[in-house]
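Counting starts at 1 for both ligands and their atoms, following the listed order.
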Amino acid sequence: MTCELSITLMPEDENNQAVIGSKIKEALAAKNIETKGQSLTPVFIKKSIDARHSQIKLIMRYKVYIGEDPEDLENIALNWKKADGKHTVIIIGSGPAGLYAAFKLFERGIKPVIIERGNPTNARALDINKLTTEGTLDENSNFCFGSGGAGTFSDGKLYTRSNKRGDIYKIYRIFVEFGANPNILTDAHPHIGTDKLPGIIDRMEKKIVELGGEIHFNTLCTDLITERTPELTVKGVKVKNLKDGSEKELFADAVILATGHSAEAVYKMIAKIEPEALEAKTFAVGVRVEHPRSIIDNIQFHGQKMPNAAEYRLTTQVEDRGVYSFCMCPGGYVVPCATTKDQIVVNGMSSSGRNSQWSNAAIVVERRPEDIPEEYRKQAEKDGCPALAGLYWRTALENLTFRNGNGQYAPAQRLTDFLDEKDSKTLPVTSYKPGVTASRLDKWLPEDIRKRLQAGFKAFNHSMKGFVTDDAILIASETRTSTPVRITRDKETLESTRIARLYPCGEGSGYSGGIGSSAMDGERVAAAIIYKLSEEGETK
Ligand SMILES: Cc1cc2nc3c(=O)[nH]c(=O)nc-3n(C[C@H](O)[C@H](O)[C@H](O)COP(=O)(O)OP(=O)(O)OC[C@H]3O[C@@H](n4cnc5c(N)ncnc54)[C@H](O)[C@@H]3O)c2cc1C
């Protein structure tokens, strides 16, 4: 039999097997579990730090195998077969959703053809370097677009709230197969780090090609090819080679749309084909807050030295809307994530060591479809697709941020000045490259967002005393925590509700958020396609 349990340890006993063994026996006895004469094998599941009191404790969770051998998570079978040429599926976007969909298709020998507008990882790394050092943005290859999608140059936090552990272990297992540290299989908050991810993505892509798949970089999907049969059905895609400008049409058994939440043009493309394929959804916008890492560590660890940078998660309600921290990057960097030259968008990332001198997080305010101002709703209606109103508003906020910045220099204000509504005469040193420019965020951010952020920060200062400090900087704007539009799909078949054989997938579809859940969504959608194709095979 097996049993999951938690024990509390002092930090110095973290690797003391004798203490761990005796604590586990005590915990089993407290649960009245009889273990006499049987072997006991504890498998570590996760560690969390209890820093609520002055003495920090570790809460360690184990799965204990009683008289049994543990399963081997590192050896979850990966049964990929070479593409046999019977079926082809086009996947637009090489983010986690697209890549994991491709690997799932190989379980049945189905050929994936991946269309990716951005550069492969090496060239993309150069584009990103140009962006951070010179402020020059390539609209097709940047922090959001390119090989491996938005997650490649990110923190690579893999934590997901999904409770289907089997599914997420398989995602981790595939990352490990391509070079991630096996500790991601057991950490409470696994992360890979931006220094490791590009190599992992590169190896994944090589494997896809080795198994008979295709990856077309620098290739933009410009339209869907549809037909009425009699229902509206996608047959293929129109693509444009961004290097030489040539255009062509590609056809397949199904099309997976895994283009992420920054692909504004894709939503507009769908709206033109079938406006009812889209629906408005709640999203969130706000700012990045960055502190010197030592301040956050001191608050969270009560002044004690710990090996890791401290994390936090903050949430409150202000006037009936959630205000919360998102994508917290301990020991990380704030990065520029715009995808067009007239926007400023910020996000965060860390390397695997999480060892920069700063810690940052998005602090965002929930934005529901009914919160979108009238002018954007009217414009979307006029354009024939009311669901696009939130997207229009998001873009307007990103453009407004740009106008308050200077090129890719982002507008910024000290947190205390934002609360006191005054100019920042100087700004703290920040991790954000290309750089920041002092700006009155309190004046130009939409008023309801500004008010809720101010109330939120005051509330956070109660739960984390010292969070509001002169040394913290706010950098605008954080707008891409999730998509404002959903591409609706059938609950069972996962096909678009309006366009047959089109499979909206990953974060851009509105059905996932983050690397882990988008990768799982990729697997789920590919499994639905496998099922559909096998059913059709039987009825042919
Ligand atoms: C800086 C940063 C840090 C992040 N940190 C984390 C983190 O630590 N943990 C976490 O879980 N999540 C993080 N995220 C979010 C995470 O990256 C996304 O949730 C995830 O990548 C979504 O996966 P996806 O496959 O659905 O889409 P994406 O990863 O967005 O991939 C979509 C791909 O589609 C391509 N594409 C778009 N339009 C077209 C088109 N018309 N034709 C061809 N190709 C197209 C894009 O170039 C892109 O490569 C971070 C994001 C950023 C930007």
Nitrogen or oxygen of [X] less than 3.5 angstrom from that of ligand 1:
X	value
Pro96	yes
Ala150	yes
Ile515	yes
His261	no
Glu116	yes
Gly151	yes
Phe145	no

Which ligand 1 atoms does [X] reach within 4.0 Å, using its non-hydrogen atoms?
X	result
Glu507	18 (C), 19 (O), 20 (C), 22 (C), 26 (O)
Ala258	32 (C), 33 (C), 34 (O)
Gly514	10 (C), 11 (O), 12 (N), 19 (O)
Ser518	22 (C), 23 (O), 26 (O)
Val335	1 (C)
Gly149	29 (O), 31 (O), 48 (C), 49 (O)
Gly506	26 (O)
Leu220	40 (C), 41 (N), 42 (N)

Subject >> Any Ser517 heavy atom less than 4.0 Å to ligand 1 >> reply: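 It does not, in that no heavy atom of Ser517 comes within the 4.0 Å cut-off of ligand 1.
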Original post:
Under a heavy-atom criterion of less than 4.0 Å, does Thr219 contact ligand 1?
Top reply: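 In this structure, Thr219 qualifies as a contact of ligand 1 - some heavy atom is under 4.0 Å.
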**OP:** Please name all residues satisfying side chain to side chain donor-acceptor pair (under 3.5 Å) with Tyr333, sequence neighbours left out, ordered by chain then number.
**Re:**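 Residues passing side chain to side chain donor-acceptor pair (under 3.5 Å) with Tyr333: none at all.
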Original post:
Of all residues at least two apart in sequence or in a different chain, which pass the side chain to side chain donor-acceptor pair (under 3.5 Å) check with Asp383?
Top reply: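 Scan of Asp383 (side chain to side chain donor-acceptor pair (under 3.5 Å), adjacent residues dropped) gives Gln379, Tyr392.
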Original post:
In a check of side-chain contact (heavy atoms from CB on, under 4.5 Å) between Asn218 and each of Lys243, Glu116, Lys240, Arg117, which one passes?
Top reply: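 It is Lys243, the one option of Lys243, Glu116, Lys240, Arg117 that forms the side-chain contact (heavy atoms from CB on, under 4.5 Å) with Asn218.
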[atom1]/[X]: more than 12 non-hydrogen atoms of other groups inside 6.0 Å:
X	atom1	result
Lys130	NZ	no
Arg293	CZ	yes
Phe251	CZ	yes
Lys433	NZ	no
Lys238	NZ	no

Cut-off 3.5 Å, side chains only: do [X] and [Y] have a donor facing an acceptor?
X	Y	answer
Thr395	Glu264	yes
Thr233	Glu227	no
Ser147	Glu205	yes

Backbone, side chain, both or neither: what part of [X] comes under 4.0 angstrom of ligand 1, heavy atoms only?
X	answer
Cys221	both
Val266	side chain
Met349	neither
Thr222	neither

Original post:
Are Glu398 and Arg394 ion-paired here, with the side-chain N under 4.0 Å from a carboxylate O?
Top reply: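 So Glu398 pairs with Arg394 through a salt bridge.
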Subject >> Residues Glu210 and Arg203 bridged, charged N to O under 4.0 Å >> reply: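 A salt bridge is absent here (no side-chain N lies under 4.0 Å from a carboxylate O).
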Original post:
Got a donor-acceptor contact below 3.5 angstrom from the Glu274 side chain to the Glu276 backbone?
Top reply: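 Side chain of Glu274 to backbone of Glu276: a pair is present.
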Subject >> Shortest heavy-atom approach to atom 37 (C) of ligand 1 - which of Leu257, Thr259, Asp223 >> reply: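 Looking at heavy atoms only, Thr259 sits closest to atom 37 (C) of ligand 1.
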Subject >> Nearest candidate to atom 1 (C) of ligand 1, where distance is taken over non-hydrogen atoms, out of Gly348, Ala519, Pro336 >> reply: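 That would be Gly348.
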